Structure formats: C-alpha cells, structure tokens
Amino acid sequence: MNHTQFLADNTKALAAAQPQLAAWLAANAPAPETLAPRLCLNRWNMLDVELEDGRRLFDAFPPHFAYRSWPPTEQAERSATIIVGANLGYGINHMLEKTPPRHRLLVVEPDPAMLTLCLGLTDYRPFIESGRLTFVEPRFDALVAAVRGCDKQFLFGRILLQADLPSQQIGPAYAHWIRICREQLDALSVELSTLRRAQDVMVGNELSNFRRALADGDMKSLRGALDGLPAIIAGAGPSLAASAPAVARLADRALVTAALQTLPAMQAVGIRPDLALCIDYSDGIFRVYDRLDPEWARHVPLIYSTKVQPEVVRRYPGPTLPLWTVGGMATFIAGKDDLVLDAAGNVSVALLRLLHWMGAGRMVLAGQDFGWRGEASHAAGHHAAAITVGTLDLPGRDGPVRSTLPYATALRDMEQDIRTLQLDVVNLYGGGALIRGARDITPDAIDRELPPPADCGNTDGGGADGRADILAGFRQRLDAAMTPCEQPLFAPRLPQWRTSLRNAQKRLETLFRKPERHGAEIVEMLGRVHFYLRQDPICTPYLYNEIMDVSGLVHGRDRFGLSQMTEFRQIARRVLDKIRRIDEVMTSAGQQAA
C-alpha cells in the first residue's frame, strides 16, 4: 500500500484549517520515505506498525475489537470525542463511520511519525474542512483551546475521552496526554457549570459596579510596579498558623498579599497584608464581615473583581481598586494596555497571576494547602473553618490529602502557571497537597530564601534598602492608581434590539406553522439570531446564557416543533430585559457609586 497516498492533500487541508498543527508537523515529522520499513502486515493480515522491540501495535487483537465500544449510543449527534493516539487511523475511521455527521472528533497524536502515517493512509480532507475532525497539536495551550471549543457539546451532549490502547505501547507520552485531557475536561466542567449557573449574577454585578469601578480607578499603572520585589501569597489553609512567624519576618522584605476571606485569619496570626484581593461573586463572601475587624482592615487596600457583589465593595472599610476579569464586559471592550485577568475561579491562582503581571520576583506560598489537615479545612478565623467535607485525594508528602474537585482544579492551574510562566516559587509546606514546580521548604528556612536586611547585600532585589524603596514606590503607585477614570456615555440599544428580535420572531412564527417543511429555513434564521446576539461586545458577556440557548435550539436537532418556538419567545424576552438593564447603566453617567 502507498503509505503517502493522501499525505500531501491532507497536509494542505491542515495548513488551511489548522496552520499551527501543520507547522508543528512540518517541523517535527520525519521524511515519509523513512517510515515505509515500519509498515507490515500482522497476523490478522492487516496493515500494522512494527515497534522498536519487534512487536506490532495490533498483535494482541485486531482493530475492530479495540474500537467497537467507542461510538456513543446516546446523544451522539450533540457530543464530541477526544481520541489520544491516532495509530494508522483505525480508531478515527471507525468513529467517522459509526457516529453522526455532527459528532465532533478531536485527535491528539504526540508522535509526529505516527501522525504522518495516519495522514498518508486515509483522505480526511472533507472532515478537516467541515470542522468535524480536528487534529490537536500536542501543546498545552492548543489542547486547552480545543477542549474549550467543545462548549456546546459539553452543555447539550457529552465529551468522551478515548485512550487508544494500542498507541500506549509506543511510549509514555500517550499516558501523559490522557492525563492532561482528563484534567482539562474536569476544568471545563467546573468552568462551564459555573458560567451557566452564575454568568448572569457575575455580569449583573459588573453592571451594578460599573460606575463605581470607573470612579475607583484602574490597574493599568501597576504593570511591572513590583520590579522584582518578592511577594507572599497567604492562603487560609490549616498550615497558616505554623507559617505565620516566617511570613511576619518578611514584612520588610516582600509584598504580603491575601484574599479578603483570609483577612480575619491573618489578623488572628498577627499579620496585616499590604493588599487583599476579592474575586468571589457569591453571597457567601458576606460572611467575612461577621469576623472582619473594620478598624484593622481599613489600612489594607482591597483589589476587587468587578464581578463581586456591589455591597461587598460598599461595606469594605479600606481603599478599593477594581480589577476587570476574563468572561466579563472588559473581555471585549478593554484597551490593549488594560489588564483583564483570567482569575481562574480561585483567589490564590488569581493572586499568582496578578503578582506576575505586577512584576513580582520570587513568590512565597503560605497556607496554600488545597485540602484538609485532620478535620480542619481552613485556618482559625476563616468563615469556612468548620467545613469538613472532602471527596477526593491529592498527593501529599506524607500520603494522600483529602480535597475536592474545585481545589484540585485550582491546584492544577497554579502548577501550570508556575511551569509556563517560569515562576520562582517556594512553598512553606505544612502538610497539604504537593504543588509541582514549587520548592517545598520549612518556615525556618525562609531566611535562606529571602535573607534579612543585614544579610541582603546587593544580590536579591537590590538589597535591603532597594527592597524598601521598591515597596514604598509600589504603595505610592497603588495610591495613585485610585484616581477616577472618565465616565463614558453610550447610545441606547433597546430600540434597535427590540425591532430586530421582533422581526426575527415574526419570521420564525411563520416558519413554525409547518416546521417539518421549513426545517432548513428555521436553522438558518436561528443562526442569524445567534450571530446577532454576539455582535455587540458590550452585551455579549451578559447574554452568554441566551446565546448558548439559541445555539442549543439548533445544535444536533433534526426536527422542530411548537415547543422550540415557545422557547425562542422566552429567550427573546430575557434578551430584551437584559438590554434594558444595560441601557440603564450605560446611558446614564449619574449612577455614581456612593
């Protein structure tokens, strides 16, 4: 068989649809002619690949036994499958044959030689060009983007992960990417579940905070302001008390930071941070005020996500500065120099990213346990300190550490940031989960990592005086950042949106009189509405659920009935209610924060 018969055409299709994957393959794939000796017929009289030890991929069983259980039996047209390991295309081809045309396939093949053989043996051009088949570059960011691109399949169907068992004989890279895929699916589950449940609340909070946030200032001038100064991220894990003396000794050598929720626990151990951060949009954050000493906290500047409850910001006794985060209004309208932080849903991860953006040098983690210690989930003083529920185990130095999926997801985000941002991180380890990429030290060893003033010399952060100057300069820049911004005014949107949606609804009502005859026209009209809902960058974040609901009316649906028309009317009403709310905020500069 000609093992390069379709290679050129498939490569050309990949170059058009997935240029980064095509570039990776061109840079790493061996010459096709060198692969021919590896191909042979196995004992099943099927084309196979010979491994270095003389075995063949399908010696144990023929391909149809390996893949017969892969095709989903429910919601296949609304779902997607991630395949790790392409081999010669047996699994891919089986899925293309046995799943509906709308079922998406993502293929991760870490071995460029195997991908070259796969692309040479089957014509995948129609599937690549239609978007049904996507080959994913074995790079973390590429995989994250590909998985997140399956949001409709996650919300309205399922995303299945299939590990190609024969391919795992080739080497450990396959097990590695299986693990990464599984972790990303967990992260997607947390992210999309949060978005569907809380996006209306989060962006609704942004609207309520909009005028106040502009009056409070912006973060732009703080980029790089720490100039290599060390920073401490204090968490409210059970080990905080044991780490507190070490953190206290660093007060004149590093910027001390913590979450708003951690402030009562910080006061309990006698440490006042240089700044606090709040990203929690839920009502539960109000419980911090049951324990927070306002006189003590009024000297701690609070950086708050614009997605938090407005009352949380109003009740804070100290100075406040807004932080715009990904997924909200600033995602689409911020200037190129503005900070729009991916807060990752965890305040410690958000602090790590924020401090990196501010130019911090070595970072010290304290009380970052990501799990339980005995029956304690948090340090004394934290409003959740009595919670004792753990559902999974994470590796710790002395054995498994009881934890939860949100903690595990946040831990993986932190580990990935440490690796990709090449951060210098030390962890004052106190018995919690291990943090890969961070060097574990005992609190007693902190002086070796960040020498006290008498021992500083000029080797780390410019010496003691240099650090003090940077810290003082940062505080001045933080104060200066709290300067009110210009309050923009926007033209009303409601009249145009009302007219457009009314026209679309009238057209759909006509088509739905005979839906079995006008199915294609209904899909086209809903597609136009879907496009229209996404055309205004200010409105897009607030309309996330309605955009997804319109997508759900189309995705994987072959037949329509009157129930879908009723659902569309409900969606249209919600859209107009939200546009009305946006107009109330955006067209009036008089709604200043108190």
Side-chain angles (χ1 to χ4, degrees), residues 1-18 20-71 81-99 105-129 132-139 162-178 181:
M1 176 180 283
N2 180 4
H3 71 286
T4 62
Q5 180 180 358
F6 301 106
L7 182 60
D9 289 339
N10 282 332
T11 301
K12 184 177 179 180
L14 283 174
Q18 300 172 240
Q20 290 185 319
L21 183 279
W24 171 81
L25 187 62
N28 295 280
E33 59 271 16
T34 65
L35 301 176
R38 296 181 59 182
L39 294 173
C40 56
L41 292 177
N42 58 25
R43 66 192 182 104
W44 315 105
N45 201 33
M46 302 183 71
L47 193 66
D48 209 335
V49 176
E50 188 171 284
L51 304 176
E52 292 182 359
D53 60 5
R55 291 179 299 120
R56 294 163 185 178
L57 285 183
F58 294 97
D59 268 347
F61 43 79
H64 62 271
F65 282 107
Y67 308 116
R68 61 184 177 181
S69 64
W70 278 18
T81 298
I82 301 174
I83 300 172
V84 180
N87 62 69
L88 298 182
Y90 287 121
I92 299 171
N93 298 346
H94 183 75
M95 291 294 287
L96 289 173
E97 179 183 353
K98 299 295 183 181
T99 56
L105 295 177
L106 279 66
V107 179
V108 182
E109 175 47 70
D111 187 335
M114 292 303 304
L115 184 54
T116 300
L117 287 171
C118 177
L119 293 173
L121 293 169
T122 304
D123 184 5
Y124 292 121
R125 285 176 299 172
F127 309 106
I128 294 171
E129 291 167 357
R132 186 183 178 198
L133 175 61
T134 301
F135 290 94
V136 183
E137 181 185 355
R139 184 172 53 83
Q162 299 293 359
D164 185 63
L165 185 59
S167 292
Q168 293 182 58
Q169 302 172 83
I170 299 173
Y174 295 88
H176 168 77
W177 283 104
I178 291 165
C181 286

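Position 1 is the first residue of the sequence, and the numbers go up from there. Quick caveat, the model's predicted, so the values are computed rather than measured.
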Within 6.0 Å of CD in E52, more than 12 heavy atoms from elsewhere: no
Where V107 and A86 come nearest, the two heavy atoms and their spacing: CG1-CB, 4.0 Å
Please list, chain by chain and in numerical order, all residues satisfying side chain to side chain donor-acceptor pair (under 3.5 Å) with D53, sequence neighbours excluded. R55
Judged by atom type as modelled, is there a donor-acceptor pair below 3.5 Å linking the side chain of [X] to the main-chain atoms of [Y]?
X: Q18; Y: T134; answer: no
X: Q168; Y: Y174; answer: no
X: D48; Y: R56; answer: no
X: R132; Y: P126; answer: no
X: E109; Y: L115; answer: no
X: W177; Y: V108; answer: no
X: D59; Y: N42; answer: no

Side-chain donor-acceptor pair under 3.5 Å between W24 and E137, yes or no? no
Below 30° counts as parallel, above 60° as perpendicular, anything between as tilted: where do the rings of Y67 and H94 land? tilted
